[in-house]
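A short write-up of the structure that comes next.
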Amino acid sequence: MTTPNRPTPQPGILDIAPYLPGKSGAPGSKAVKLSANESPLGASPKAVAAFAAAAEHLEIYPEGSSRLLREALGEIHGIDPAHIICGNGSDDLLHLLAQTYLGEGDEAVMNRYGFSVYPIITKAAGARIVLAEETDYTADVDLLLAAVTERTKIVWLANPNNPTGTYLSDAEMRRLHAGLRPDILLVIDNAYAEYVTAADFSVGQMLVDQADNVVMVRTFSKMGLAAARIGWMVAPDHVTDAIHRIRGPFNVNLPAQLAGAAATRDVAFNEDLRAHNARWREWLTAQLHGNAMRVVPSQANFILVLFEDAAAAAKAFETLLKGGYVVREVGPSYGITNGLRISIGSEEAMRGVAGILTEMGAGR
Ligand SMILES: *Cc1c(COP(=O)(O)O)cnc(C)c1O
């Protein structure tokens, strides 16, 4: 065996395609960013004040378990804070789950157009990612279950899903769980749960409480605090016990902990954000759908717009950019080459985007 002449990453690391974030437009451009599902109403003013106040004591280590944040979450969501673990974004928690439960020879299952971070963290842990086909851009429980093998250790499922915006009902989620062996961890990633209006949806808290193999992962990023990097997870004791052993001992910084706690309690702001999103999601969908475009029905804070072909999507992307709007191309990361993902933004932005796209559709 020859000795390499420099340090070598673990097998598989260099096969990972790096995560592609949503574009921000040219540096210095005034383009409106509708490519990263950020809040169009800013952050909760109470969270901003809490974050700023924490700047007084940057020399002190934060409390390591994010206790104040877990207590606020427990109070508002009716969850025992002992079952909550906070992270530096939910990304941190997803990585920790992969590292804890996946290794060489293992498999993780996800739906084809599931969140693009799942293949990265699965491969980073040395395991293989298995894609289950979808039905009409929606995760299909039967196909997910059919993709499970003896090697499967995790099923990753964003509900609602990014980049499609589609969701599984509570009944479907239960059917998926019922079909999994008890040694397979079902990871329900609820990054967009706050925006769901469908009556048959649930975040899966009952499943987490009742089963030993279900965790729910949440984030503040889509609710106005993306820059603060705060995620949280609800899990059974044996899972929190394992994760606490390997997480960074101070993985959530103090300004973020305090901002997160204040944002959690700012129920009025969260309500405004939800109401704004529901209104303009419905409006934009109605404006675009059928106008030489198809809008995949969304329960999130973005819509996936499907064009006739990849060239039509590329033309729409460029035309929107010229008009001052940066949206998300979903060809490179997700393989939906005829699609664009558009975040729900301000009323002005929604009217602007609808005007440009309907004019393009009409002029075809
Ligand atoms: C945005 C997003 C996340 C969250 O990321 P953070 O690390 O918390 O900012 C997680 N899952 C999905 C599906 C997402 O779209």
Side-chain angles (χ1 to χ4, degrees), residues 18-24 33-40 43 47 66 69 73 84-99 108 110-122 124 129 134 137-139 154-168 173 186-196 201 203-204 215-234 247-248 251-253 256-257 259-260 263-264 273 277 281 296 298-304 327-330 333-334 336 339 341-344:
Y19 180 80
L20 296 173
K23 291 181 181 164
S24 300
K33 188 178 171 201
L34 300 172
S35 61
N37 305 336
E38 293 151 343
S39 158
S66 303
L69 174 53
L73 288 166
I84 300 175
I85 297 187
C86 297
N88 183 36
S90 55
D91 222 48
D92 181 23
L93 299 167
L94 293 168
H95 269 276
L96 288 167
L97 287 166
Q99 197 186 339
M110 67 182 279
N111 43 305
R112 168 160 299 273
Y113 302 123
F115 188 37
S116 65
V117 161
Y118 306 149
I120 295 175
I121 59 184
T122 298
I129 191 81
E134 302 190 5
Y137 296 98
T138 307
I154 286 185
V155 174
W156 305 110
L157 186 67
N159 199 34
N161 184 52
N162 174 16
T164 55
T166 54
Y167 77 107
L168 289 188
M173 191 63 87
L186 173 59
V187 178
I188 304 174
D189 178 350
N190 277 323
Y192 300 95
E194 283 82 359
Y195 291 111
V196 175
F201 171 85
V203 291
V215 305
M216 161 176 114
V217 179
R218 317 264 312 243
T219 181
F220 285 81
S221 294
K222 311 299 162 31
M223 290 294 287
L225 290 175
R229 313 300 308 130
I230 317 163
W232 53 293
M233 173 174 86
V234 188
R247 72 174 173 86
N251 60 338
V252 184
N253 68 72
Q257 289 184 27
T264 300
L273 199 47
N277 188 71
R281 180 177 71 199
V296 178
S298 171
Q299 286 290 313
N301 67 344
F302 57 84
I303 57 170
L304 176 63
V327 301
R328 178 71 183 250
E329 295 163 293
V330 282
S333 307
Y334 292 97
I336 307 175
R341 194 192 69 192
I342 304 176
S343 304
I344 301 305

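The analysis underlying the following values was restricted to heavy atoms, covering all of them including side chains, and did not include hydrogens, waters or symmetry mates. Predicted model, so just to flag it, every value in this text is computed and none were measured. Each ligand, and each atom within it, is numbered from 1 in the order the structure gives.
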Per-atom contacts, ligand 1 versus [X] - under 4.0 Å to a heavy atom:
{"X": "Gly89", "value": "7 (O), 8 (O)"}
{"X": "Thr219", "value": "6 (P), 8 (O)"}
{"X": "Ser221", "value": "6 (P), 8 (O), 9 (O)"}
{"X": "Ala191", "value": "2 (C), 3 (C), 10 (C), 11 (N), 12 (C), 14 (C)"}

Does a donor on one side chain sit under 3.5 Å from an acceptor on the other, for Trp232 and Ser66? no
Whether the Arg328 and Asn37 side chains hold a donor-acceptor pair (N or O, under 3.5 Å, no angle test) is what I'd like checked. no
Out of Arg218, Glu38, Lys222, the nearest non-hydrogen contact to atom 1 (C) of ligand 1 is supplied by Lys222
Shortest non-hydrogen contact from Pro40 toward Leu273: CD-CD1, 4.0 Å
Does Arg281 use its side chain to pair, donor to acceptor, with the backbone of Ser298 at less than 3.5 Å? yes
Checking contacts here: is it the side chain or the backbone of [X] that comes within 4.0 Å of ligand 1, counting heavy atoms only? Could be both or neither.
{"X": "Tyr192", "answer": "side chain"}
{"X": "Ser90", "answer": "both"}
{"X": "Asp91", "answer": "both"}

Assess whether ring-ring contact (aromatic ring centres under 6.0 Å, His included) is satisfied between Tyr192 and Tyr195, documenting all intermediate values. CA-CA 6 Å; Tyr192 300 95; Tyr195 291 111; 7.2 Å; no
Of the protein's non-hydrogen atoms, which lies at the shortest distance from atom 11 (N) of ligand 1, and what is that distance? Asp189 OD2, 2.6 Å
Protein contact of atom 7 (O) of ligand 1 - nearest heavy atom, named by residue and atom, plus distance: Arg229 NH2, 2.7 Å
Contact check: Asn162 vs ligand 1, nitrogen or oxygen atoms, below 3.5 angstrom: yes
Hey, could you give me the OG1/NE2 distance between Thr122 and His95, rounded to the nearest 0.5 Å? 10.0 Å
Rounded to the nearest 0.5 Å, what separates atom CZ in Arg218 from atom CD1 in Ile188? 11.0 Å
Heavy-atom check, side chain of Tyr113 versus side chain of Val330, under 4.5 Å: no
